[in-house]
Enquirer: 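To start, I am sharing the structure in question, which I have written as structure tokens.
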Amino acid sequence: MHFKIAWRMFWRELRKGELWIIAFALVLAVVTVVSLTGITESVRSALMQRSSSFMAADKVLRSPIPFNSAYFDTAAQLQLTSARQMQFNTMVFADDVMQLVSVKAVSAEYPLRGKLVLKATDKIVELTPGHVYVEKRVMQLLQLDIGDKLSIGATELILGGVIDQEPDAPTAGFTGQPRILMHINDVAATQVVQPGSQINYRYLFAGTEAQLKQLQTSLEAKLTPSDRWQQVDRSSSIGSALDRAEKFLLLAGLLGIVLAACASAVAATRYSERHRMAVAVIKALGMTERQTKLLYFSQLLLITMLSMIIGLILGQLACFGAQFLIEKWVPDFVPVFSARPLLIGIATAFICSMLFALRPVLRLAEVPSLEVLRQGAPSVRLDVVHLVTGAVAVFGLMWMFSQDWVTSALLFIGCAIFAGVLLLLAALLVRIVKPVAAGQSSALQLALANLRRRLWANSFQLITFSLAIFLTLLLYFIRVELIGQWQAQVPANAPNHFMVNINDQQKLELTTALQQQQLSAGKFYPMISGRILSVNGEMLQEPEIPDSAENGQKSQQTKNDNKRQGFGRELNLTWLSELPTNNQLTSGKWFAAESRAEVSVEARSAERMKLTLGDKMALSIGGQEVTATVTSFRKVDWNSLQPNFFVILSPDLMVDFPANYMTAVHIPAERADLLNEVARQFPTVSVISVSAILTQINEIITQVSVALSVIMVLVFAAAVLVLIAQVQASLDQREQEIAILRTLGATKAFLLKAVVYEYLVLGLLAGGFATVLVEALLSVLQVRLFELPFQLHPMLWWMGPTLGAVIIVSLAMVQLRGLLNMPSAVLLRRALHA
Amino acid sequence: MNELPSVFIETRNLQKTVQLPSSSLTILTDINLTINRGQSVAIVGASGSGKSTLLGILAGLDQATQGEVFLAGQALHQMSDDERAALRAKKVGFVFQSFLLLPALTALENVTLPAELAGLKDARAKGLALLEQVGLAERADFFPAQLSGGEQQRVAIARAFITKPEILFADEPSANLDANTGEMVENLLFDLNQQQGTTLVLVTHKASLAERCQAQLVMQSGRLTRSTDSGANHAL
């Protein structure tokens, strides 16, 4: 029977009471969490799928030792699919023409992920034993047509087609030899594989995360020291980057969630104040305290369930929308449903409801029934328990999203300090104007007096709106000003294409070809791949990039900060006699003509490797070990878009090494057809378009901005909700004040002005605080992140306060308009009957 | 020779003291009274004389600091909050000065609320019948905000009688109403009271209303100084 009463009251209150604010706040919190988590999971899934296609498998085991069938047996037992792949370099012959090529021999199951497309003219063909499939330039180099024969080792194979699409093709431009694809069954016939041959054997596996994890565990004991699981660099770095992005987005979104929860707390407090008499009546009529608690707890539970369901549905719809967009970007994307965002959404709804709104509602049950005869005043003391449960909830949500105690604690303390500072500033400002407010002889003075009277509630609004405006301004200025400023740094005619794999002979020919087109190549930089092995005999610690399929929750690198940190990969090394123009020595001396075995290192990398001048660096270049003395550190202007190098060797070291060259050239957009001409004349030269990369970077920035804009909208919505809740909470008191003032002769215009002034001051303060914060943060980003010169942003200083004033005044007027226009008689009657 | 009616309410040496920040205030001192079943009693006195406090204790809404209170033979002074609430649900009806209808419920739902709390069947039918009696059957689905003061008080009276309480406590039932409406409400109260044979205890400033009751208890500075008419035994 009591549930029936609760249900009835619930629907009535939802329509016309404060429950809709609580409902809206909870919906907002759940939508924020579900959409942010779900969208990140979808993006992660898409990128993982894409990354797997980059590997042609979910997991790859590399080995220099011939295949061990036991590994494949283990995989089969775990119901994983597998494929084999061999890679080796060899000479191929077509009549009298020969060419060194990189051969990839694959089994029929290849690829396990991604697409392999082989074409003979325009027809798609299948990988077939007895045939080879080549890169286009191989046909040019060997002067072959489809159907021609070429010899690999002891066998002849037919050219079956061209490789049109290959999932695990190496990055274009930095590969050595042209590539050929063949069926693994043909390898034996080539007799290329001999004892001591340098062959890369790859085991490809595909399956679920659990299966792959089990495989790795099962094979651990069987692997040889030279076997390596391929750390899919892209996916690992993407996976861990996505982990960080998700945490950042959630923590940023947490601001909106906390604001929404605070709005629900304010609404719940008002709800309980307005229900004091109702509780006194039903207790007088015979309801016990326990039954009363149950009645109101039921209402809160109903509103939580309803809001949670709506929030989950809307959040999931947002996720579906994101998946729809992702499918356009990743054509083979298979949407995967994850329950995790929904579970987090459910947890968030209950945390916000129970820890923010429950206490004021349950305290209702403590209202004595005697209040039917003698109305008591609601307690004006700060409810410390409520404050503590709210703080616990905020910290709990921070931890749930960041999964890191330290980050949560730092963020929590940071927010508390921020709120405290704003509160102090607000209190100080209001005290400063106290003498002005004392008179109350004008609308402005009445407004200031009201501000002072409602200091605690107003400070809360101040904090929430300051934060919301801060986020809006920050986003705008980062996108428009900072990035624009950064892009403007790049000279108009800066190189926008890199040409690589240029051999010595081609340097002059290429320069001539470009000059004929009224273009000029930049300086030619010699390049070779190498790896830094040690410094002063001490091996470098390579960064562990966690495979997020293995360590789903571990996203931090475990590293010993005392050790020298390596790059974890081969570098493109160069050797120069002159210091590049966009490099600046920070210490040491550049190579002299008589310099022998010296090396110059980029300054930040040197810091990471804990280098000092005079250190001996050992490098592995082309299978040989080379030692060089560190003689200088350089600061590199990466914004110049010129070829830049972490490590530059003195020329004497590289005399006996072969080199490919790289240069940079500016090709105007309207002359883009020149690229085809270059490709035709110099088929072995690869051209990398920087503008395409810049466009991609811009796209990424745009996408990130979209994500941040979503958060900004959510935070703003939450801040608006808090303002609405606060204004609603003050309505009763305002109504009485207005009734009295009207009775005493105040006109509607006077009261309107007073309300406008009150919220105008609040808005200017909120906008002002936000402006100061944004300017401070922009300065840090400008100088530290974008490496731009410091400058103020004059536009910010009028945008911030104006935005605050306009928004807060508008919102307040929408809510108070009805009250201000109410006839005096009605106001008085309502005040008397209150 | 008339038989004495059975005692429904009795107090012995009742005292109520409240603690203030720096002192204590005695609101009621040495109240001894009896009210018989079916009797109508008015508690009168100046503002601040302790009328409402006494009403609250007699109704089980508050507890005395000292003394004993018996309602329907049960010792209120020995009961917990919940026990007194349960007793009120079964035996007590209320009419308040400010009507105190729940704004989220319709007129009918307000009337049936006590019956639902007491778990009575046919609450709706009983509620409609009572609304008919108070002349508001057509306003059953109206919310309190849509009713005039007099109409709200009539709904409150209907609410008070739905559980057929053994005793009705009324606190200034017509104070917020104009003279005509107030008189109508008072008539309704006494008519229903007579119909159901409920004991009636009301607090009032109005002499005319007090005179309609069978007995009057006069409060002055927290003490019961005088009573008029028979049927109510008291100690002065």
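First the proteins, then the strands, lettered A, B, ... as listed; each starts at 1. Every heavy atom of this structure was used, including side-chain atoms; hydrogens, water molecules and symmetry mates were not.
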Enquirer: To check you understand the geometry: which heavy-atom pair defines the closest contact between G286(A) and A89(B), and what is its length?
Expert: CA-CB, 3.8 Å
Enquirer: If you look at every heavy atom in A104(B) and E13(A), which pair is closest and at what distance?
Expert: CB-OE2, 3.7 Å
Enquirer: Determine whether more than 12 heavy atoms belonging to other residues, nucleotides or ligands lie under 6.0 Å from atom CZ of F161(B).
Expert: yes
Enquirer: Does K748(A) NZ have over 12 foreign heavy atoms under 6.0 Å away?
Expert: yes
Enquirer: What are the two closest heavy atoms between L370(A) and G56(B), and how far apart are they?
Expert: CD1-CA, 4.2 Å
Enquirer: Is D171(B) in contact with chain A via its backbone, its side chain, both, or neither, using a 4.5 Å heavy-atom distance?
Expert: side chain
Enquirer: What I'd like to find out is whether the side chain of M9(A) reaches to under 4.5 Å of the side chain of E109(B), using heavy atoms alone.
Expert: no
Enquirer: Taking atom CD of E371(A) and atom CG of D62(B), what is their separation to the nearest 0.5 Å?
Expert: 11.5 Å
Enquirer: Nearest heavy-atom pair of F94(B) and A284(A): which atoms, and what distance?
Expert: CE1-O, 3.3 Å
Enquirer: Once rounded to the nearest 0.5 Å, what's the spacing between atom OG1 of T288(A) and atom CD of E83(B)?
Expert: 11.5 Å
Enquirer: Identify the heavy atoms of L61(B) and V372(A) that sit nearest to each other, and give their distance.
Expert: CD1-CG2, 3.7 Å
Enquirer: Looking only at heavy atoms and a cut-off of under 4.5 Å, which of K283(A), R8(A), Q291(A), R290(A) has the most pairs with chain B?
Expert: R8(A)
Enquirer: Measure the spacing between CZ of R88(B) and OG of S369(A) and express it to the nearest 0.5 Å.
Expert: 4.0 Å
Enquirer: Give a yes or no on whether M305(A) atom CE has more than 12 heavy-atom contacts from other residues, nucleotides or ligands under 6.0 Å away.
Expert: no
Enquirer: Could you look at R84(B) and say if it's the side chain, the backbone, both or neither that has a heavy atom under 4.5 Å from chain A?
Expert: neither
Enquirer: Just wondering, are more than 12 heavy atoms of other shown residues or ligands nearer than 6.0 Å to CZ in R124(B)?
Expert: no
Enquirer: Between CZ of F169(B) and CG of L373(A), what distance do you get to the nearest 0.5 Å?
Expert: 10.0 Å
Enquirer: Heavy-atom count check: over 12 atoms from other residues, nucleotides or ligands less than 6.0 Å from E183(B) CD?
Expert: no
Enquirer: For the CG atom of L102(B) and the CG atom of L285(A), what is their distance to the nearest 0.5 Å?
Expert: 8.0 Å
Enquirer: So I5(A) and L105(B), do their side chains get closer than 4.5 Å, heavy atoms only?
Expert: no
